[in-house]
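Note that the structure is a prediction, hence the values are computed from the model and not measured. Nothing fancy with the numbering, it's 1 onward along the sequence.
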Amino acid sequence: MTTMATQGAWLRMTSSAKSVAKSTVTSKELGFLTSQLSGVRISHSPSDVTSRISVPSFPGIQPIVARRICPFTGKKANRANKVSFSNHKTKKLQFVNLQYKRVWWEAGKRFVKLRLSTKALKTIEKNGLDAVAKKAGIDLRKK
């Protein structure tokens, strides 16, 4: 790596001095390091490093994350602007009001624990759990 002082000196050289200086460029200025243990030159450019490093991947294992989406209505987070007093706008997410709720399922004669939005809860109270689940394509027998 070259410092700002050496870069400035390089720019001020004449063309004849540059041809002489080109022949005396060391390997350190070219971006190479020499290992003291084995004498092997190691490049430290980002493309060489990323192509040689192998990161283990686990395709079958994924982190378990509860998504903030209502399964009945499909509601999800809305991107909005947070506006300060000086009218400076920054992005923010407005999340859905999801609640864990035990709802009585008449056809199954039991309670079903669901994570749903408050809008879906109002819809279930109006139309019934079976109708809303059928419209959303949700099988309540699995839960």
Side-chain angles (χ1 to χ4, degrees), residues 1-13 15 17-19 21-143:
M1 295 281 180
T2 59
T3 61
M4 294 295 279
T6 57
Q7 287 178 352
W10 179 263
L11 293 173
R12 282 186 247 118
M13 285 188 203
S15 62
K18 283 183 184 176
S19 62
K22 282 182 187 175
S23 62
T24 61
V25 173
T26 63
S27 65
K28 200 170 196 179
E29 290 177 336
L30 291 176
F32 291 96
L33 298 173
T34 306
S35 173
Q36 294 178 354
L37 297 174
S38 63
V40 177
R41 288 173 53 179
I42 303 169
S43 172
H44 61 82
S45 66
S47 62
D48 291 340
V49 173
T50 54
S51 65
R52 292 182 187 171
I53 296 175
S54 63
V55 178
S57 63
F58 305 105
I61 301 173
Q62 293 181 352
I64 299 171
V65 178
R67 297 180 66 198
R68 292 178 174 153
I69 296 177
C70 178
F72 291 96
T73 59
K75 284 179 164 280
K76 56 184 177 181
N78 179 40
R79 285 192 67 109
N81 283 324
K82 180 179 179 182
V83 183
S84 67
F85 179 74
S86 63
N87 206 26
H88 180 73
K89 296 173 180 70
T90 55
K91 296 288 184 186
K92 72 171 189 172
L93 286 175
Q94 295 172 339
F95 293 113
V96 182
N97 188 6
L98 292 175
Q99 305 291 326
Y100 286 99
K101 188 74 177 169
R102 271 182 34 186
V103 181
W104 178 255
W105 180 33
E106 191 63 38
K109 302 290 187 211
R110 65 182 177 98
F111 282 101
V112 181
K113 189 173 182 181
L114 302 170
R115 186 178 189 212
L116 42 87
S117 64
T118 51
K119 173 78 173 181
L121 189 59
K122 287 175 71 175
T123 308
I124 288 171
E125 287 176 3
K126 180 179 178 183
N127 300 333
L129 182 59
D130 283 326
V132 176
K134 184 178 179 182
K135 186 176 179 182
I138 296 173
D139 187 15
L140 295 172
R141 289 178 283 153
K142 291 188 282 187
K143 296 185 178 185

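- Nearest heavy atoms, Ile138 versus Pro71: CD1-O, 3.5 Å.
- Among pairs with a residue in residues 96-109, those fulfilling salt bridge (charged side-chain N to carboxylate O under 4.0 Å, His left out) read Glu106-Lys109, at least two apart in sequence or across chains.
- Leu140 places a side-chain heavy atom less than 4.5 Å from the side chain of Leu129.
- By the salt bridge (charged side-chain N to carboxylate O under 4.0 Å, His left out) test, Lys122 pairs with no residue at all, sequence neighbours left out.
- Residue pairs meeting the ring pair (Phe, Tyr, Trp, His ring centres under 6.0 Å) criterion with at least one member in residues 99-139, sequence neighbours excluded, are Trp104-Phe111.
- Residue Leu121 holds its CG atom at 9.5 Å from CG of Leu114, rounded to the nearest 0.5 Å.
- In this structure Gln99 satisfies the side-chain contact (heavy atoms from CB on, under 4.5 Å) test together with Asn97, Thr118, sequence neighbours excluded.
- Residues Leu98 and Ser117 come closest through the heavy atom pair CD2-N, 3.7 Å.
- A side-chain hydrogen bond (donor to acceptor under 3.5 Å, both in side chains) check over residues 68-87, counting only residues at least two apart or in different chains, returns the pairs Asn78-Gln94, Ser84-Ser86, Asn87-Lys89.
- What you find for Phe95 and Ala77 is that their closest heavy atoms are CD2-CB, 3.8 Å.
- Atom-to-atom distance recorded for Thr123:OG1 and Lys135:NZ is 8.5 Å, nearest 0.5 angstrom.
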